[in-house]
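Residue numbers begin at 1 in each chain, while the letters A, B, ... track the order of the sequences.
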Number of protein chains: 2
Amino acid sequence: MLSKKTKYGIKALTYLAGLHDREPVQIAEIAKHENISQKFLESILLTLRRNGFLGSKKGKGGGYYLIKEPHDIPMTAIMRILEGPIAMVPCVSLNFYEKCDDCPDETTCPVHNLMLKVRDSALKIYRNTTLADLLYKDT
Amino acid sequence: MLSKKTKYGIKALTYLAGLHDREPVQIAEIAKHENISQKFLESILLTLRRNGFLGSKKGKGGGYYLIKEPHDIPMTAIMRILEGPIAMVPCVSLNFYEKCDDCPDETTCPVHNLMLKVRDSALKIYRNTTLADLLYKDT
DNA sequence: TTACTACCCTATAGTTTTAGTAGATTTTTA
DNA sequence: TAAAAATCTACTAAAACTATAGGGTAGTAA
């Protein structure tokens, strides 16, 4: 299951990407527009800023704004920051690899091999989708 | 993330499918062979039995055994029983559909459309993979 | 009848998720 | 300089979920 953190984060990023300019947008505006708890969103935007997706400005006229171009932000990056591993099992994760406690041999593990396929197919989609792609409703 | 429940369930099913006959196998034997907490496995096998995957026999020489042929058990069925929805968001789930609280319109929701693709790709794999396929190490 | 084994119910420690509360800090404006 | 506007930070907490353990029941075979 996708966490609300990730869901809200994607929605917020998409909202920012859909605006005409890159002027700062207040948390409150995003939260209201996307029906998100403002305080929760606050922490999400903060981690997005810390990871180089967003810039921020304090004081009047302040807020958050996109730092990169939407078509330069692949979903892989967003997912890994907000959701964590894309793989469903740590032993098939590229960026969050971890060995299983059970499982003497990964190469013969049925779960491992199945989840490897699932990861690859998801990865393919996330890699080929950028924030800009999310703006166009159809397809 | 895949729950250990699902992981253990798949391993147990694969173990049973790999045996020559369909004689009852004790929980303890499966648990030991797959390094699984016996008590936890107990409840997993129970739900697999209740959902028509396994048969059981009590008393001496008792245990669990496969009821169907491995190539007649698609991964979709196993996943849905043990893990729940295959979709990462309820609003794109075929069997566990639920509307989002936020989100006025699904068709324009960026998360919805992205997760629809992810679900489809995962579904394709699970549908085309049966328990029998998990037995063969390579591919 | 005795040993064996699945069945069933309950409890619980631990973790993760999803926030809420309270205030500090920085910037702009009057 | 003071007030207002906004982000930033830390702490807390309820709720849900996960993984497991314990102990008793009931059916089956020798």
Side-chain angles (χ1 to χ4, degrees), chain A residues 1-12 16 23-32 34-51 53-67 81-85 88-90 96 98 100-103 111, chain B residues 1-12 16 23-32 34-51 53-67 81-85 88-90 96 98 100-102:
Chain A
M1 278 288 141
L2 196 74
S3 67
K4 294 201 173 182
K5 183 180 170 187
T6 304
K7 186 183 176 187
Y8 293 163
I10 294 176
K11 282 193 167 188
L16 291 177
E23 293 300 306
V25 179
Q26 296 163 32
I27 297 175
E29 181 184 329
I30 306 174
K32 193 177 175 187
E34 301 294 338
N35 294 311
I36 302 172
S37 147
Q38 179 165 339
K39 262 304 181 184
F40 193 20
L41 180 60
E42 209 174 304
S43 69
I44 297 170
L45 295 180
L46 201 57
T47 73
L48 287 173
R49 195 215 60 177
R50 287 194 177 124
N51 285 281
F53 295 96
L54 299 176
S56 67
K57 199 184 164 192
K58 291 183 181 178
K60 185 157 193 176
Y64 283 98
Y65 50 92
L66 268 184
I67 258 183
I81 294 296
L82 295 177
E83 189 73 7
M88 294 192 73
V89 175
F96 300 84
E98 223 171 302
C100 296
D101 295 335
D102 52 317
C103 231
V111 177
Chain B
M1 276 291 140
L2 197 75
S3 66
K4 293 201 173 180
K5 182 179 169 188
T6 305
K7 186 183 176 188
Y8 293 164
I10 294 175
K11 283 193 168 188
L16 290 177
E23 293 299 306
V25 180
Q26 296 163 31
I27 297 176
E29 180 183 329
I30 305 174
K32 192 176 175 187
E34 301 294 338
N35 294 312
I36 302 173
S37 145
Q38 178 164 342
K39 266 299 182 182
F40 193 21
L41 180 61
E42 203 175 307
S43 68
I44 297 170
L45 295 180
L46 200 56
T47 72
L48 286 174
R49 195 215 58 177
R50 288 190 177 129
N51 284 281
F53 294 96
L54 299 177
S56 67
K57 199 183 164 192
K58 290 182 182 178
K60 185 159 193 174
Y64 283 99
Y65 50 91
L66 267 185
I67 258 183
I81 294 296
L82 295 177
E83 189 73 7
M88 293 192 74
V89 175
F96 299 84
E98 224 171 302
C100 296
D101 295 334
D102 52 316

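When rounded to the nearest whole Å, the span between CD of A/Glu23 and P of D/dA6 equals 14 Å. As a whole-Å value, the separation of A/Met1 CE from D/dA16 P is 16 Å. Straight-line distance from the CE atom of A/Met88 to the C1' atom of D/dT18: 15 Å, rounded to whole Å. Atom-to-atom, CG of A/Leu54 to C1' of D/dT7 comes out at 13 Å; the value is rounded to the nearest Å. One interatomic measurement links the two molecules: NZ of A/Lys7 to P of C/dA19, which rounds to 10 Å at whole-angstrom precision. Atom pair A/Leu82:CG and C/dT17:P shows a separation of 12 Å (rounding to whole Å applied). Counting to the nearest Å, the C1' atom of D/dA19 and the CD atom of B/Gln38 are 15 Å from each other. Between A/Glu83 atom CD and C/dT18 atom C1' the separation is 13 Å, expressed in whole Å.
Look at B/Glu29 and B/Lys32 and you find no salt bridge, because none of the NZ, NE, NH1 or NH2 atoms lies under 4.0 Å from a carboxylate O. Look at B/Lys4 and A/Asp102 and you find no salt bridge, because none of the NZ, NE, NH1 or NH2 atoms lies under 4.0 Å from a carboxylate O.
Where A/Lys57 and A/Ser3 each meet DNA chain C at their nearest nucleotide, the meeting point lying more 5' is that of A/Ser3. Mapping A/Gly61 and A/Lys4 onto DNA chain C via the closest heavy atom, the residue that lands nearer the 5' end is A/Lys4. Where B/Lys58 and B/Ile36 each meet DNA chain D at their nearest nucleotide, the meeting point lying more 5' is that of B/Ile36.
Within 4.0 Å (heavy atoms only), B/Leu45 reaches no atom of the nucleic acid at all.
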For A/Leu46 and A/Arg50: C-alpha separation, side-chain torsions, deciding distance, then whether side chain to side chain contact (heavy atoms under 4.5 Å, CB included) applies. CA-CA 6 Å; A/Leu46 201 57; A/Arg50 287 194 177 124; 3.8 Å; yes
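The side chain of A/Phe40 has C/dA19 as its nearest neighbour among C/dA19, D/dA21, C/dT27. For A/Lys39, taking side-chain heavy atoms from C-beta onward, the closest of the listed nucleotides C/dT25, C/dA6, C/dG23 is C/dG23. Candidate nucleotides D/dT20, C/dC8, C/dA19 were compared by shortest atom distance to the side chain of B/Ser37, and D/dT20 ranks first. Of all nucleotides listed (D/dT9, D/dT7, C/dC8), D/dT9 comes nearest to the side chain of A/Leu46. Considering only the side chain of B/Lys5, D/dA19 comes nearest among D/dA19, D/dT9, D/dA29.
Look at B/Tyr65 and you won't find any side-chain N or O under 4.0 angstrom from OP1 or OP2 of C/dT5. In terms of phosphate contacts, A/Tyr8 brings a side-chain nitrogen or oxygen within less than 4.0 Å of OP1 or OP2 of C/dA19. Look at A/Arg50 and you'll find a side-chain N or O under 4.0 angstrom from OP1 or OP2 of D/dT9.
Summarising the geometry of B/Leu54 relative to B/Ile67, their closest heavy-atom pair is O-CD1, 3.5 Å, with the distance given to 0.1 Å.
Proximity of a side-chain donor or acceptor of A/Gln38 to a complementary backbone N or O of A/Ile27 within less than 3.5 Å is not detected.
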